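See below for the structure under consideration.
Quick caveat: nothing in here was measured; it's all calculated off a predicted structure.
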Amino acid sequence: DILLIAKSTHFYDGTFVEKAREKYKCPVFLFVWDYMDGNDCPDWHRKMIMASDLYLANDVRSYTDIPSQKLYYFPMDVSDKQFDRVEADPSTSLTINKKYDVVFFGSYFPKGDRVEWLKEINKTFPVKIFAWNPEAWIKDGFDAEPAVYGKDFALKVAESRIILGFNVNDHTWGYWSNRVGKVLTTGGFLLQRYVSGMELFLRDGADYFSSIDEAKEKIDYYLKFPQKREEVAQRGYEIGRERFTSASRMKELMIVIDRFKKGAFLR
């Protein structure tokens, strides 16, 4: 009924979509999870969007020179539901040891505010970083280790008091890092660089900051008042398990596909 194509840097124009549509005789959706630089996106990506019947992504508001009927806001910010929060064994008196005050899960990437703002935050509150390129963070004076995934990620979330969130781009409505969903679904307290639209999806399941000073003030507050921190984390966990799992997003995608087939979308 519908063919989904994911982003690949091996694409070089729109013929991949055109040949797929010809072979399978159905509409083709391009489903992308990264920020692709909007109007400055690579030429191959623009051609793939134009050849597709619908572009599904969370950066659609960054394109002002592509027909709006090609663009549909649909974020892939999710986590597999099998990865749940890590809790102490109720049969013992052991608890999860909070090893880290402030943590950031993310690559060293010189876009958005992450590097410069984290440098300033790190001067007051040491930030523990887990990244696929920890050596780059270490060169900038951070305590960094290799990235963690799956159950290991969930454990590090449980061991962290505050998890900072940053994005590749902080000024496109509805676009943010896909680590947001991963933190919420595993029960972490997320203090996130605000992007407009977040309040509609994360609601009060996270707290937000829009400057270095505000980030520092809130880190200080939530370290002093763990009960307030846990209240937000619990709301975030409930929202995450309901709205940020792969299974939830696929149910939503099936609605989009069904409505598209019924002609509800502009062509």
Side-chain angles (χ1 to χ4, degrees), residues 75 77-81 83-88 90 94-107 112-114 117-118 120-122 124-131 137 142-145 147-167 170 176-195 197-245 248:
D77 175 20
V78 297
S79 177
D80 192 315
K81 200 168 186 176
F83 300 119
D84 205 340
R85 63 182 174 188
V86 177
E87 299 181 284
L94 298 177
T95 59
I96 300 296
N97 180 30
K98 296 289 186 183
K99 296 181 179 180
Y100 315 106
D101 282 344
V102 185
V103 168
F104 175 64
F105 297 96
S107 57
D113 295 326
R114 73 175 67 180
W117 287 27
L118 281 169
E120 292 303 313
I121 293 169
N122 193 54
T124 307
F125 302 98
V127 181
K128 178 71 176 185
I129 292 180
F130 296 92
W137 288 111
F142 289 90
D143 177 8
E145 294 183 21
V148 286
Y149 305 96
K151 293 180 180 178
D152 292 331
F153 175 85
L155 177 60
K156 292 303 179 186
V157 167
E159 293 175 340
S160 305
R161 292 180 175 86
I162 297 172
I163 298 168
L164 295 177
F166 286 93
N167 319 290
D170 302 299
W176 50 80
S177 167
N178 66 0
R179 293 182 184 87
V180 166
K182 291 174 173 57
V183 172
L184 295 186
T185 55
T186 51
F189 170 77
L190 180 64
L191 184 57
Q192 176 71 33
R193 171 63 162 96
Y194 175 76
V195 175
M198 281 190 143
E199 69 282 356
L200 301 176
F201 296 86
L202 281 61
R203 299 172 178 169
D204 59 348
D207 204 345
Y208 309 95
F209 61 92
S210 298
S211 68
I212 295 170
D213 287 342
E214 186 181 16
K216 288 182 177 181
E217 289 171 5
K218 289 191 172 180
I219 290 170
D220 184 60
Y221 174 81
Y222 283 112
L223 288 178
K224 290 178 178 177
F225 299 99
Q227 182 178 347
K228 295 293 185 182
R229 186 179 72 231
E230 293 305 316
E231 289 174 0
V232 176
Q234 178 59 31
R235 289 195 294 275
Y237 176 71
E238 293 165 0
I239 293 168
R241 301 306 288 183
E242 174 65 24
R243 306 189 69 189
F244 284 86
T245 67
S248 296

Nearest-0.5 Å distance that lies between atom [atom1] in [X] and atom [atom2] in [Y]:
X      : Y      : atom1 : atom2 : answer
Thr124 : Glu217 : OG1   : CD    : 11.5 Å
Tyr237 : Thr185 : OH    : OG1   : 8.5 Å
Phe189 : Arg235 : CZ    : CZ    : 9.5 Å

Phe104 and Phe142: CA distance, side-chain angles, deciding distance, side chain to side chain contact (heavy atoms under 4.5 Å, CB included) verdict: CA-CA 11 Å; Phe104 175 64; Phe142 289 90; over 6 Å; no
For [X] against [Y], the heavy-atom pair lying closest together:
X      : Y      : value
Ile121 : Lys216 : CA-CE, 4.0 Å
Leu164 : Leu190 : C-CD1, 4.4 Å
Gly187 : Ala233 : O-CB, 3.9 Å
Ile219 : Leu191 : CG1-CD2, 3.7 Å
Gly165 : Phe209 : O-CZ, 4.0 Å
Asn178 : Asp77  : O-OD1, 2.8 Å

Check whether any side-chain N or O of [X] sits under 3.5 Å from a backbone N or O of [Y] as a donor-acceptor pair, and report yes or no.
X      : Y      : result
Arg241 : Leu184 : no
Thr186 : Lys182 : yes
Trp117 : Gly112 : no
Arg114 : Ser107 : yes

Heavy-atom neighbours of Lys98 NZ exceed 12 at 6.0 Å: yes
Non-hydrogen side-chain atoms of Ile163 and Arg179 separated by less than 4.5 Å: no
pair Val180-Phe201: side-chain heavy atoms closer than 4.5 Å: no
Test item: side-chain donor near acceptor, Glu238 and Gln234, under 3.5 Å: yes
Which residues pass the side-chain hydrogen bond (donor to acceptor under 3.5 Å, both in side chains) test with [X], sequence neighbours left out?
X      : answer
Glu145 : Lys128
Ser160 : none
Tyr208 : none
Arg229 : none

List for me each residue that meets salt bridge (charged side-chain N to carboxylate O under 4.0 Å, His left out) alongside [X], sequence neighbours excluded, and say none if there are none.
X      : value
Asp113 : Arg193
Arg203 : none
Glu242 : none
Glu214 : Lys218

Donor-acceptor contacts under 3.5 Å from residues 150-158 side chains, at least two apart:
| unit_1 | atom_1 | unit_2 | atom_2 | d |
| --- | --- | --- | --- | --- |
| Lys156 | NZ | Tyr100 | OH | 3.1 |
| Lys156 | NZ | Glu159 | OE1 | 3.4 |

Applying ring-ring contact (aromatic ring centres under 6.0 Å, His included), can you list everything that pairs with [X], at least two apart in sequence or on another chain?
X      : answer
Tyr149 : none
Phe125 : none
Phe83  : none

Verdict with supporting geometry, Val232 and Tyr222, side chain to side chain contact (heavy atoms under 4.5 Å, CB included): CA-CA 10 Å; Val232 176; Tyr222 283 112; 4.2 Å; yes
Worked check of side chain to side chain contact (heavy atoms under 4.5 Å, CB included) between Gln192 and Val183: CA-CA 11 Å; Gln192 176 71 33; Val183 172; over 6 Å; no
